[in-house]
Protein chains: 2
Amino acid sequence: MTVTDAETPRRLPPFPEELVASTAFLLKRLGFVAKEQAFDAYESAGLGPYHHAVLIALGENSHETQGAVADALGYDRGQMVGLLDELEEQGLVERKRDPSDRRRHIVKLTPEGKRMLVRLRALSKRIEDEFLAPLDEEERGQLHALLLRLAEHHLPRRGPLVLPPARR
Amino acid sequence: MTVTDAETPRRLPPFPEELVASTAFLLKRLGFVAKEQAFDAYESAGLGPYHHAVLIALGENSHETQGAVADALGYDRGQMVGLLDELEEQGLVERKRDPSDRRRHIVKLTPEGKRMLVRLRALSKRIEDEFLAPLDEEERGQLHALLLRLAEHHLPRRGPLVLPPARR
DNA sequence: TATTGTTATACTCTATAACTATA
DNA sequence: TATAGTTATAGAGTATAACAATA
């Protein structure tokens with residue numbers, strides 16, 4: 001949420017070699033700047049990457065309940081309330097009670113939400129292309145495959161993480 | 001700083017495919033869990049990854065000034081004060097005024113600090129090996145090289161990030 | 001006036017736990 | 001009694017700015 005270096009007044013000294021030699025260090029730092037860049041970019045849409053993730057989840061599997069979306073994304077259910085409030089304010093989703101279990105909220109994308117999803121998908125692609133710019137297509141594929149392997153072990157889910165169908 | 005899933009009561013549904021297809025998403029999530037795992041593991045030493053990074057910086061280039069260490073690691077100078085306070089309490093570093101510029105503090109590793117550095121290096125290697133366990137040696141090298149390429153663009157420094165000398 | 005290190009403040013995130021309404 | 005969603009509170013983490021000493 002902070003610009004890391006865009007307006008840094010002077011060049012910084014190099015990182016200690018021992019840190020640069022650590023894959024985990026690079027992963028942590030790069031994940032952090034990717035997050036920062038994403039937040040900055042989404043700001044123009046009045047949303048954040050979390051909102052986008054919620055819209056994606058709702059787009060892939062409709063008629064979701066609020067808690068199911070939270071679980072699908074690994075979010076806390078308390079967080080989810082605020083995210084959905086904001087999405088609802090902008091008319092991107094609608095919540096209604098599940099008649100068969102009145103404790104539950106069924107959440108659905110509105111037409112505006114679907115349009116926003118298209119817009120955010122383009123935005124997200126632009127951010128990612130920019131971030132991966134140093135790598136050619138083959139290298140991007142390699143990186144994705146390697147990270148996916150790690151994700152299968154460290155982001156455990158019900159099934160194995162599916163391989164993405166030919167990207168876009 | 002939180003156990004992501006160790007005690008999660010039930011298996012979670014899979015992530016939306018569109019997210020899994022995003023390299024940036026995987027990078028952000030994996031960076032996050034790597035950070036969590038590191039914090040948990042360092043806890044036993046009464047320190048954190050940040051303290052380790054400070055010790056590394058001091059170990060590679062002695063006679064550093066406080067601000068120089070902060071810059072070398074990309075930390076805020078205000079943060080650095082607290083980190084050094086904690087390291088000093090444990091007798092791992094010592095601060096003394098620079099006689100030639102009495103505003104500055106020269107920070108040096110103590111012998112205990114050097115021993116702790118050895119210990120943390122082993123700890124860090126163990127964490128990283130565990131994290132990269134799904135990948136064989138060649139794949140780890142590929143991943144490191146790819147992340148390094150991204151780091152050169154997104155973690156800008158004075159010079160190009162050096163290639164690590166034959167790891168360990 | 002600018003800079004180093006320090007301290008204080010405020011702001012964001014997140015984690016926890018109460019609370020309601022339903023079951 | 002347990003669960004879905006909500007709300008409130010507290011804590012950690014971080015960013016900002018004021019501050020004292022020195023240049």
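In the text below, chain A, chain B and the rest are named by the order of the sequence lines, each starting its count at 1. This is a predicted model, so every value here is computed, not measured.
Looking only at side-chain heavy atoms (C-beta outward), Gln90(A) and His51(A) stay at 4.5 Å or farther from each other. Counting heavy atoms from C-beta on, the side chains of Leu58(A) and Leu87(A) never come closer than 4.5 Å. Using a 4.5 Å heavy-atom threshold, the side chains of His52(A) and Leu117(A) count as touching.
Atom C1' of nucleotide dT14(C) and atom NZ of Lys35(A) are separated by 10 Å, given to the nearest angstrom. Rounded to whole angstrom, the span from the CD atom of Gln66(A) across to the C1' atom of dT7(D) amounts to 13 Å. Rounded to an integer number of Å, the gap from Phe39(B) CZ to dA15(C) P is 13 Å. If you take CG of Asp76(A) and C1' of dA18(C), they are 14 Å apart, rounded to a whole angstrom. Rounded to a whole Å, the CE atom of Met80(A) is 15 Å from the C1' atom of dC13(C). With rounding to whole Å, Glu36(A) atom CD is found 16 Å from dT12(C) atom P. His51(B) places its NE2 atom 13 Å from the C1' atom of dG13(D), with the value rounded to the nearest Å. Rounded to whole angstrom, the span from the CG atom of Leu83(B) across to the P atom of dT14(D) amounts to 10 Å.
Residue Tyr50(B) places no side-chain N or O under 4.0 Å from the OP1 or OP2 atom of dA12(D). Taking 4.0 angstrom as the limit, Thr65(B) places a side-chain polar atom (N or O) nearer than this to OP1 or OP2 of dG5(C). Phosphate proximity of dA23(D) to Ser100(B): absent, as no side-chain N or O sits under 4.0 Å from OP1 or OP2. Contact annotation: Arg95(A) reaches the phosphate of dT6(D) (side-chain N/O to OP1 or OP2, under 4.0 Å). For dC13(C), the OP1/OP2 oxygens have no side-chain nitrogen or oxygen of Gln79(A) closer than 4.0 Å. Between Arg102(B) and dT22(D), a side-chain N or O to OP1/OP2 separation shorter than 4.0 Å is present.
Remark on DNA chain C: of its neighbouring residues Asp85(B) and Pro99(A), the 5'-side contact belongs to Asp85(B), judged by nearest-heavy-atom nucleotide. Along DNA chain D, the nucleotide nearest Arg104(A) and the nucleotide nearest Gly82(A) are compared for position; the residue whose nucleotide lies closer to the 5' end is Arg104(A).
Ion pairing between Asp98(A) and Arg103(A) fails under the 4.0 Å rule for side-chain N and carboxylate O.
Ring-plane geometry between Tyr50(B) and Tyr75(B) is classed as perpendicular, the angle between the planes exceeding 60 degrees on a 0 to 90 degree scale with a lower cut at 30.
Across Thr23(A) and Glu128(B), no two heavy atoms sit closer than the pair N-OE2, 2.9 Å.
Among dA23(D), dG5(C), dG5(D), the nucleotide with an atom closest to any side-chain atom of Asp101(B) is dA23(D). When distances are taken from the side chain of Val81(B) to each of dT16(C), dT22(D), dT7(C), the shortest belongs to dT7(C).
A donor-acceptor contact under 3.5 Å is formed by the side chain of Arg103(B) with the base of dT3(C).
Nucleic acid contact for Tyr75(B): none, since no nucleic acid atom lies under 4.0 Å from a heavy atom of the residue. When heavy atoms are screened at a 4.0 angstrom cut-off, Asp98(A) is found touching no nucleic acid atom at all.
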